[in-house]
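Reviewing the structure listed below.
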Protein chains: 2
Amino acid sequence: MNRKHLTQAECPVARSLEAVGDWWSLLIVRDAFFGKRRFGEFLSSLGVARNILTTRLKKLVAHGILETIPASDGSAYKEYVLTEKAKGLYLVLIALRQWGQGCMTNDGDQEMTLVDRRTRTPIQPLALRSADGRELGPEDVELVAVQ
Amino acid sequence: MNRKHLTQAECPVARSLEAVGDWWSLLIVRDAFFGKRRFGEFLSSLGVARNILTTRLKKLVAHGILETIPASDGSAYKEYVLTEKAKGLYLVLIALRQWGQGCMTNDGDQEMTLVDRRTRTPIQPLALRSADGRELGPEDVELVAVQ
DNA sequence: AGATGTGGTTGCACATTGCAACCACTTTTC
DNA sequence: GAAAAGTGGTTGCAATGTGCAACCACATCT
């Protein structure tokens with residue numbers, strides 16, 4: 001993972017992927033959003049090898065995406081919880097979910113949807129919008145330098 | 001990358017990551033959105049090893065994210081272009097960009113921003129919204145099964 | 001105290017990656 | 001039209017990363 005190539009470091013996409021672009025990190029974050037906090041919970045939920053999980057959790061903590069706190073149930077174990085910084089990642093996860101549901105649907109899988117907790121109604125699909133609210137496609141935007 | 005664990009296959013996030021969750025795929029897609037089409041363009045832009053690029057391009061084509069077409073300049077070479085299916089991924093990239101810009105800013109890097117091509121004004125930041133338009137945080141949503 | 005659960009670390013076999021060399025074919029240059 | 005350079009790969013090898021199982025320290029339960 002020699003991702004520190006010259007042309008990459010300056011792109012925020014690449015920098016994000018540096019933190020969460022590996023095989024397991026985003027799935028750990030996803031489970032954390034689902035309320036999982038303990039080593040064993042991630043372990044059984046993901047089916048990842050223990051040493052890999054250890055490595056990933058450390059990396060996520062090092063990147064400030066997770067932090068360890070004393071266990072909430074009073075036991076001596078620690079728990080991994082999402083930091084404020086990690087909250088922004090839920091948009092990435094939702095975008096992935098949305099894309100996966102639209103384009104990678106499997107046959108016999110239970111359909112799940114995200115609902116607003118207050119109204120119990122499905123959320124709006126994620127969309128890119130101009131300042132005046134028009135929905136934009138990939139070809140409608142351009143990347144420019146801001147001085 | 002034994003990601004075909006029992007509990008994973010059913011999650012659209014995991015299925016998306018199956019396709020684009022490895023080290024280079026999303027960066028290739030990003031460059032493709034930037035208009036890159038040729039093997040050599042990706043190669044020099046990403047700094048990836050040639051054999052890895054070959055593998056990734058094949059995988060992306062196999063997943064229907066890229067497709068090969070005869071070169072647009074009339075030469076005998078082929079080009080890799082994004083499929084319709086891939087268009088949905090730009091939301092993922094923008095979410096990553098947004099998160100990376102907010103949380104992973106480096107010091108000496110040129111600030112870039114996405115603008116609407118028509119009005120030349122910055123786009124709205126991506127946000128999760130309820131059906132009635134309220135902006136929602138990660139804790140405001142819940143995943144439910146739809147029958 | 002003994003058994004079990006939790007949260008790791010270590011060692012090893014295997015898979016993946018990065019790197020460089022090589023190769024077939026195409027395009028340009030002389 | 002032959003040589004040189006460019007394009008798009010493939011192959012082999014060394015280094016790194018991953019999955020798996022065993023082990024271990026500590027905590028908790030009985």
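Below, all heavy atoms of this structure are taken into account, side chains as well, without hydrogens, waters or symmetry copies. So you know, we letter chains A, B, ... as the sequences are listed, proteins then strands, and number each from 1.
- Across the protein-nucleic acid pair, B:Arg37 atom CZ and D:dT7 atom C1' stand 17 Å apart, rounded to whole Å.
- Rounded to an integer number of Å, the gap from NZ of A:Lys36 to P of C:dT6 is 15 Å.
- When the side-chain nitrogen and oxygen atoms of B:Trp23 are compared with OP1 and OP2 of D:dT16, none of them lie within a distance under 4.0 Å.
- Under the 4.0 Å criterion applied to side-chain N and carboxylate O atoms, A:Arg15 and A:Glu18 are not assigned as salt-bridge partners.
- Residues A:Ala49 and B:Asn51 both approach DNA chain D. Their nearest nucleotides, taken by heavy-atom distance, put B:Asn51 toward the 5′ side.
- Between A:Phe42 atom CZ and C:dG8 atom P there is a gap of 11 Å when expressed in whole angstrom units.
- Considering all non-hydrogen atoms of both residues, A:Lys36 and A:Ser45 come closest at CE-CB, 3.6 Å.
- Atom-to-atom, CG of B:Leu43 to P of C:dC19 comes out at 11 Å; the value is rounded to the nearest Å.
- Atom CG in A:Leu53 sits about 14 Å away from atom P in D:dC20, given to the nearest Å.
- Side-chain contact annotation: A:Asp22 with A:Ser25, donor-acceptor N/O pair under 3.5 Å present.
- More than 12 heavy atoms of other shown residues, nucleotides or ligands fall within 6.0 angstrom of atom CZ in A:Arg117.
- Separating the CG atom of B:Leu66 from the P atom of D:dG8 is a distance of 14 Å, rounded to the nearest angstrom.
- Of the listed nucleotides (C:dG18, D:dT18, C:dG8), C:dG8 has the atom at the smallest distance from the side chain of A:Lys78.
- Of the candidate nucleotides C:dG8, D:dT10, D:dT18, D:dT18 has the atom nearest to the side chain of A:Arg56.
- Listed pair A:Trp24 / D:dG19 meets the phosphate criterion, a side-chain N or O lying under 4.0 Å from OP1 or OP2.
- As rounded to whole Å, 13 Å separates atom C1' of D:dG9 from atom CD1 of B:Ile52.
- Considering only the side chain of B:Val48, C:dG18 comes nearest among C:dT6, D:dT10, C:dG18.
- Comparing C:dG18, D:dC20, C:dG8 against the side chain of A:Tyr80 picks out C:dG8 as the nearest.
- Heavy-atom nearest nucleotides on DNA chain C were determined for A:Thr55 and for B:Arg50, and the one closer to the 5' end corresponds to A:Thr55.
- Annotation: B:Glu139, atom CD; neighbour count of heavy atoms from other residues, nucleotides and ligands within 6.0 Å is above 12.
- Remark: A:Arg129 does not engage B:Asp116 in a salt bridge, criterion side-chain N to carboxylate O under 4.0 Å.
- The side chain of B:Arg38 lies closest to D:dT7, out of C:dG8, C:dG18, D:dT7.
- Contact record, B:Ile65 with B:Ala86: O-CB, 3.2 Å, taken as the closest heavy-atom pair.
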Check nucleotides 24-29 of chain D against the protein and report each pair of N or O atoms closer than 3.5 Å, with its distance, or say if there are none.
from	atom 1	to	atom 2	distance (Å)
D:dA27	O4'	A:Tyr77	OH	3.4
D:dT28	OP1	A:Ala76	N	2.7

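- Here the P atom of nucleotide C:dG8 and the CD atom of A:Glu79 are 12 Å apart, to the nearest Å.
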